[in-house]
Amino acid sequence: MKLATQDKPFFPVPLGEKLKAVRRLGFDTFEIDGRVLVENLSEVKTAIKESGVPVETVCGGYRGWIGDFDQEKRATAIAEITRILQALAEINGRGIVVPAAWGMFSKRLPPLVPPRSEEEDREVLLDSLAKLNRVALATGTLIYLEPLNRYEDHMLNTLAAAGALIKAGNFAGVKLTADLFHMNIEEAGIERSIHEAKALLGHVHIADSHRYEPGTGHLDFVPIFKALKDSGYQGQMAFECRVLGEPAAEAYRRSVAFIRACLQEAGF
Ligand code: LER
Ligand code: MN
């Protein structure tokens, strides 16, 4: 299990210094933006070599969504994710976090009724995932399909719903992202859902209950980590949160120490 972080405004530049700072804060690896990776591939390679800090996962950095209502934007998403996976393969990366869509539509906010049926949503997602599954298998990378909460996406909100889609398509190159912030809203029981989805778990996003740095909210991380440990989870856990404490870098360092203690207590 490796602890990862996404980029933060208080991290230094250039990328080589950023990766060194990430390690000093207590992380093992960096989750990069897809566009940053593709547009700076040789700099990323040098930074990894010089810092010894791997870059193994991607989140964001492409236009459109795999479940986009607009066919052209959906094709753009598939093409750009393909380029990101090709670049990721060159740095021995693992995979990219991909939601069905983010901020495109919510059935819980006006106008409430989406312009496409659930059956059509499903067909569109199966088609996009079939294409990206082929790319993942060809490049030795993975798609980490990410259910989001009901206010951020109307198509996939639970691990079970996303897992059913992966099974329906028999996609060996598609796994799940378990994002604790979304799960805290959508899953009846976080630990139970982790156990039920264990065969498909590929990646984890962590934040506290209010999506600030772990340790500042009311999420109980130890039983969740125990569920991951008991499920045989060996992938990454990437911080995806805002930072409440000040100064931010110190608050972030405290949060990493807090999470490492929780991981140890859970048996990692
Ligand atoms: C969005 O809320 C999220 O969790 C990101 O990982 C985007 O996929
Ligand atoms: Mn996430």
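Numbering of residues begins at 1 and proceeds along the displayed sequence. Ligands are counted one by one from 1 in listed order, and the atoms in each one are counted from 1 as well.
Residues Asp179 and Arg211 are paired through a salt bridge, judged by an N-O separation under 4.0 Å between the basic side chain and the carboxylate. Comment: Lys107 engages Glu118 in a salt bridge, judged by a side-chain N to carboxylate O separation of less than 4.0 angstrom. Classification of Lys226 and Asp230 as a salt-bridged pair fails, no side-chain N sitting under 4.0 Å from a carboxylate O.
Heavy atoms of Arg211 come nearer than 4.0 angstrom to ligand 1 in at least one pair.
Classification of the Phe27-Tyr252 ring pair by plane angle, with boundaries at 30° and 60°, yields tilted. Ring pair Phe268/Phe225 is perpendicular by interplanar angle, where above 60° counts as perpendicular and below 30° as parallel.
Near Pro99, meaning under 4.0 Å from any of its heavy atoms, are these atoms of ligand 1: 8 (O). Within ligand 1, the atoms closer than 4.0 Å to a non-hydrogen atom of Asp179 are 4 (O), numbered from 1 in the order shown. Interface of His205 with ligand 1, defined as ligand atoms under 4.0 Å from a residue heavy atom, comprises 6 (O). Atom numbering of ligand 1 starts at 1 in the shown order; those under 4.0 Å from a heavy atom of Cys59 are 6 (O). Near His182, with a cut-off below 4.0 Å to any heavy atom, the atoms of ligand 1 are 1 (C), 2 (O), 3 (C), 4 (O).
When only non-hydrogen protein atoms are considered, atom 2 (O) of ligand 1 lies nearest to Glu152 OE1, 2.5 Å. What sits closest to atom 6 (O) of ligand 1 on the protein, heavy atoms only, is Glu240 OE2, 2.7 Å.
Expressed to the nearest 0.5 Å, how far CD1 of Ile32 lies from CD1 of Ile84 amounts to 10.0 Å.
At the Mn ion (ligand 2), the angle from OE1 in Glu240 to ND1 in His205 is 90° when rounded to 10°.
As for Asp179, its N/O/S atom nearest the Mn ion (ligand 2) is the one called OD2. The Mn ion (ligand 2) lies closest to atom OE2 when only the N/O/S atoms of Glu146 are considered.
Here Trp102 has side-chain heavy atoms under 4.0 Å from ligand 1, and that is the only part of it that gets that close.
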Handout entry: Pair Asp7-Arg35, salt bridge (Lys or Arg N to Asp or Glu O under 4.0 Å): steps then yes or no
Key = CA-CA 13 Å; Asp7 204 0; Arg35 186 168 171 195; over 6 Å; no
Practice task
Could you walk me through whether His182 and Asp153 pass side-chain hydrogen bond (donor to acceptor under 3.5 Å, both in side chains), step by step?
Solution key: CA-CA 11 Å; His182 300 300; Asp153 174 50; over 6 Å; no
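In terms of polar-atom proximity, Glu146 is counted as a contact of ligand 1, with an N or O under 3.5 Å from an N or O of the ligand.
Paired with Ile190 under the rule side-chain contact (heavy atoms from CB on, under 4.5 Å), one option of Leu159, Asp220, Asn184 passes, and it is Asn184.
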